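Working notes, beginning with the structure itself.
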Amino acid sequence: MKTKVIGRMIIILIVLILITGGVFAYLYFGTDLLKSNQQLFFQYLGQMFDAQDGFMDSRLTEYFNKKYTGKYEDSGKFSVDINMSEMDSEMLKTLNDFNIEYTGKIDNTARKNEQDISINYSSDVNFPLKYKYANETLGLQTDYVSSKYIGIENKNLKEFVEKFGVTDTTDFPDTIDFFSNVTNQETVSLTDEEREQVVNTYASMLEEKLTGKEFTKTEENGVTSYSVQITNQEVKDLMLTFLEILKNDQIMMPKMEELFKEVLDTMNQNSTEEVTVQSMIQQMIDDINDSEVDEGTNTITISQTDKKVSAITVTTNSESANVELKITKTNDSGNLTYGMEMNVIDSETQDNMRYFLTASYQGLEQLASVNETYQYGMTGTIDGEEQRLVYNLNCTDTFNDGITIEDYAEDEIQVLNDYDAEQISTLMMTIVERINEVNTMQMEQIGFSEYGNPIMYTYPLISLTMLINNQTLEAVDKEESMMDESNQNNIPDGNSSTSSEEMMNQLQQTSNDLTNATIEQYIGENRGTAIRDLLLYVSTTNVSKSNDDEKIEVRGDIQMSGNDTNMPSNIDTSATYNVELTYDENQNVNEIIITKK
């Protein structure tokens, strides 16, 4: 009897052990209850690279593979949402009414593309344009100029530019691959084994660096977040360690070399020394080593929703500003949305700006018709005034294996390659004159003749520069008009001319101060890529200035006059340059001296 009781007790004990062991295993592996905040931080950080639950969704990869290799019909619309303080309301309305719409077909298998484009200035004023790529020839057509396409055959391009007296065609390709945006996925993608090895390598490094740190947990609206605080010096050390490992990573380096092959080829055309991903990483390491570290703290936060990583946030607090950078991914009923947002608050003035980019995809489950929505912009307040500059692109791709794109008919296109330089120049001058006539007429119709063309404001850097300068000129014209009216009516006002002059000077100086501050960021040593950005800014600034005496000249090893609109061809993006400035009597930048190191 006693033996049977003991036997039953042992069986019950074994069952209890199995049950509790199973429950423990479920609690540990199936839930987050028994894991520390540090373990969960690294668990969800590693999940970012997972093929299914990570940030790079496998459905999105499948969609882009299909898009860049198959046939589909496309349509889309580009628009802007601008509101700059003190800007004329009519000008604002015209800018916000402006949009570009397109419909077309793309056949990657036959290397053909045709698009009907409408540049819409208002509901009844537009500029229609057709784009077509067939027979390895690119053509453009608008009824305002001709019923025929004007095109360039995509071969022997070096020979084509030589017609215009260009003797050095080293940097010119013989052909341009308009369908080269298809990356060899098998070459650059990571296998499951490679992904696990990469994640373990960098996660182990990060975990080692953060040993001894306190990890905290917060929960809000169904989102659980795990955070750790590190100093600016620790961030610098992390970046250096990460880059040193990456530079010698036998898995990632070949992938990156393939991924950036075209960029590297372009850079090497203008470089005396071979540029590789490894050499670029080494340059980053050198730059970080040479940089000084300010005091400040940073918080890294990994967030998860329903056991899937949903965001990574980095917050920086320093004496000058508070900055938050957040990258998110949401998957709502098959609708995939990515977001990147940076919020900056000036510690002294409390001015704040929000810079953001969102990308949304609908229809990835069936891959029959996919809608893409992109929004990029900046919003915030400066000196208490609202500033908003937002760009929107909405497009739909509908896959259709039955679509066809006809070749150019014999009398449908004029191919410029068939003409000599004088004939091409005469033709192009005629086209430009005709387009200018149409543009003048259309800008008068929409009341925008004083500001050029709304399309000039659709590039962020150009937008900010030109909008500010136009605001200045607008205010000056308004004050001059008020002064003339006052004088004509003999209205005695002893202070009116003085206050008007002060206001005009103040507005003009605001514009000049912005230009100075932007250019002064480049004083000292800069990489060639930064020099290119600087000259783009200078070029767009010069375009907005009507007085040649106010335009900025560039001299030294790189030269550009105040009226140049093309980038200098001798910028070595891999080299280092020194930038010096000279100022006019009003302390505004009037010359930039660039010297190659």
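As the structure is a computational prediction, the values presented were derived from the model and not from experiment. Values below: every heavy atom of this structure, side chains too, minus hydrogens, waters and symmetry copies.
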Locate the shortest heavy-atom distance separating [X] from [Y]; write the atom from each residue and the value.
| X | Y | result |
| --- | --- | --- |
| Thr313 | Lys326 | OG1-CG, 3.3 Å |
| Met340 | Ile327 | CG-CG1, 4.1 Å |
| Arg434 | Tyr144 | NE-O, 2.8 Å |
| Tyr131 | Leu140 | CD1-CD2, 3.8 Å |
| Thr404 | Lys105 | O-NZ, 2.9 Å |

Do the charged groups of Asp143 and Lys130 touch, with an N to O distance under 4.0 Å?
no
Between Lys112 and Glu114, does at least one N-O distance fall below 4.0 Å, as a salt bridge requires?
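Here Lys112 does not pair with Glu114 in a salt bridge, since their nearest N and O are not under 4.0 Å apart.
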Taking Gln375 for its side chain and Val390 for its backbone only, find out whether a donor-acceptor pair lies under 3.5 Å.
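Judged by distance alone, no pair lies under 3.5 Å.
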Is there a donor-acceptor pair under 3.5 Å between the side chain of Glu136 and the backbone N or O of Glu153?
no
Are Tyr121 and Phe448 near enough that their ring centres are under 6.0 Å apart?
no
Please state whether the rings of Tyr391 and Phe78 are parallel, tilted or perpendicular, taking 30° and 60° as the class boundaries.
parallel
Below 4.5 Å, heavy atoms only, C-beta onward: do Phe98 and Ile446 meet side chain to side chain?
no
4.5 Å side-chain heavy-atom contact, Glu553 and Ser561
yes
For Phe127, run the side chain to side chain contact (heavy atoms under 4.5 Å, CB included) check against Thr142, Ile100, Asn439 and tell me which one passes.
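Option passing the side chain to side chain contact (heavy atoms under 4.5 Å, CB included) with Phe127: Thr142.
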